[in-house]
Amino acid sequence: MKSRTLVLAGIFGAALAVQADFTSDFQEALQLYRKGETQEARRKFIEAAKIAGQEKAQCDSLHYAVLSAVKEKNYAEAEKIAADIPRDDYKKLSRMEILIAQGKGNELTAEFENEDLSKFPDFLAFDAYDCRGQAFFRVRKFDRAILDFQEAEKFIGSTLPGAALWNRLGAALNQAGQPDEALRYYRKTEALDKMQKYGIVRTAYCEAAGILADQKKFDEALKELEKIEPEQKGSYWYAYPLMVKGQIFARMEDREKAEAAYREAIEGAPETLKKSIERELGKLK
């Protein structure tokens, strides 16, 4: 009896050691992933999955390996990893994430339009509904996008993904002809003003300004832009709000102020944004 107890204790101790190794390896991979070192993170996630003691842990590790490959735009590798995920819900979510990252909204909706996402566990539901909602938005099925985004909202787990979802909901509602409801969601993001270093909050101000300008509430629209904390020249968030300001002045038919805003934006814009601003300026002529 004593020897049997010792054997069981040894087995239990070994299992705990393996689980500790998995946890350590997974956390190390996660840190690499968050730092943007996705190639090494992917390798470590795959290795960690091999010693995962539970199926969910294995799925979590392989799912992050998929996301790492997606960040690298290595979609063939992402598909290969996803094929090894044992659980169907994780596998389907991974497939959706691979497709949306490539802008394949038509393919994603064709494959998953009738998928019952309510059967997904809570810890996957946010990403699943959000991902399919983005696909519906891309194919201009705004009512379906709104439904999925609203379902995703029930599963918000942290602030930044939640704010990004509210912005997407705002965009879908505005496209669906519900500007006041869209504004309500942008206001929810704006309430996170202390997090302005994230573009999500600044995007909400700019989108809200656009809606107010559409409603010919030009003074209110310009006040929205004043809430954005200034960035240094050469940055996206220095130039983009100025471009939006130029667009508002153009709608007001104040050509002089619109041109001044556009030229100031061009002067301080990164190269990736200059052509867009120049096109707006060209529309004045």
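Only heavy atoms go into these numbers, but all of them, side chains included; no hydrogens, no water, no symmetry mates.
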Tell me if a side-chain donor or acceptor on Asn167 pairs with a main-chain N or O of Ile200 at a distance below 3.5 Å.
yes
4.5 Å side-chain heavy-atom contact, Arg202 and Glu231:
yes
Do you see a donor-acceptor pair shorter than 3.5 Å between the side chains of Gln215 and Asp180?
yes
Mutual orientation of the aromatic rings belonging to Phe45 and Tyr64 [parallel < 30°, tilted 30-60°, perpendicular > 60°]:
parallel
Over 60° means perpendicular and under 30° means parallel, so classify the ring planes of Tyr240 and Trp237, tilted if in between.
perpendicular
Ser94 side chain to His63 main-chain N or O, any donor-acceptor pair under 3.5 Å?
no
Quiz item: cation-pi between Lys154 and Phe126, 6.0 Å / 45°
no
Test item: Tyr186 side-chain N/O and Ala171 main-chain N/O as donor-acceptor pair under 3.5 Å
yes
Any Cys206 side-chain heavy atom under 4.5 Å of Thr203 side chain
no
Is there a chain of hydrophobic side chains (I, L, V, M, F, W, Y, each step under 4.5 Å between heavy atoms) that links Leu183 to Val201?
no
For Tyr90, the option from Leu62, Val66, Ile85 that meets side chain to side chain contact (heavy atoms under 4.5 Å, CB included)
Ile85
Can you name the nearest heavy-atom pair linking Gly210 to Arg251, along with the distance?
O-NH1, 3.3 Å
Donor-acceptor under 3.5 Å (Arg255 side chain, Leu284 main chain):
yes
Among the clusters formed by ILVMFWY side chains lying less than 4.5 Å apart, do Tyr33 and Phe123 turn up in the same one?
no
So does Gln58 get a backbone contact from the side chain of Ser61, meaning a donor-acceptor N/O pair under 3.5 Å?
no
With ring-ring contact (aromatic ring centres under 6.0 Å, His included) as the test, would you mind laying out the steps for Phe137 and Phe142 before giving the verdict?
CA-CA 5 Å; Phe137 186 91; Phe142 300 119; 5.2 Å; yes
Looking only at heavy atoms, which two atoms of Gln178 and Ile146 are closest? And how far apart?
NE2-CD1, 4.1 Å
